[in-house]
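Numbering of residues begins at 1 and proceeds along the displayed sequence.
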Amino acid sequence: SAIGQILRQEGAGGAGSQSQFGLAQGTQPSRDIPGEATGALVDGADRTGSLLRLLLVVAAALIALIGVAKLARRLLRLVPRDPRRVAAACRRELADYLVDQGAPVSRSTTVLELGHVVESRLFVDADPFVRAVGASRFGPPEQARSEARAARRELRLLRRRLRRTVSARKRAQGFLSVRSLGLGASG
């Protein structure tokens, strides 16, 4: 072939030797092995390291996905402007937090019952939250909007107090829990 002739001429000491093509003088081109640029065989340690890196990337992606899903659900839940819906969203938010922490809470648990769970299991006063959610959900319409703002504020304060009470390890377990997303076993 034409390429073979050129290589033979160049290899015989022509102006462009084989080193011009990336080959050292006197060496033969190696066979192509799929997945390997040098043609050398890959040892098991390289594959194990690559597999470990891949697994770490997948695990990090799953953790990020769980976090993003929970944040999106939380933010979308608190979007409504209707005070009764805001109150219901605040109750669901606290219920999801408790479920992720392993508390025995069902979807039908009332805000008053959630307050008792917070106080009995986590030893945090939930009365201001319970009152604000109750006033927002069941109070007179004239006061419901301001009570809905109060319910959101009390939810933030309650979550802050809960974060101080619950250990970092338990919070991390709660963050990784998918029970509140409806994907795991419910308590």
Distance, nearest 0.5 Å, that separates [atom1] of [X] from [atom2] of [Y]:
{"X": "Arg153", "Y": "Arg149", "atom1": "CZ", "atom2": "CZ", "result": "9.0 Å"}
{"X": "Tyr97", "Y": "Leu155", "atom1": "OH", "atom2": "CG", "result": "11.0 Å"}
{"X": "Glu147", "Y": "Glu154", "atom1": "CD", "atom2": "CD", "result": "9.5 Å"}
{"X": "Leu98", "Y": "Glu93", "atom1": "CG", "atom2": "CD", "result": "10.5 Å"}

Partners passing side chain to side chain contact (heavy atoms under 4.5 Å, CB included) against Val58 (at least two apart in sequence or in another chain): Leu54, Leu62
Between Val105 and Leu94, is there a side-chain heavy-atom distance shorter than 4.5 Å?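 No, side chains not in contact.
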Do any side-chain atoms of residues 122-146 form donor-acceptor pairs under 3.5 angstrom with protein atoms, and if so which ones, sequence neighbours left out?
residue	atom	partner	partner atom	Å
Asp125	OD1	Asp127	N	3.2
Ser136	OG	Pro83	O	2.9
Arg145	NH1	Arg81	O	3.1
Ser146	OG	Gln143	O	3.0

So the side chain to side chain donor-acceptor pair (under 3.5 Å) pairs with at least one residue in residues 109-123 (sequence neighbours excluded) are Ser106-Thr109, Thr110-Glu113
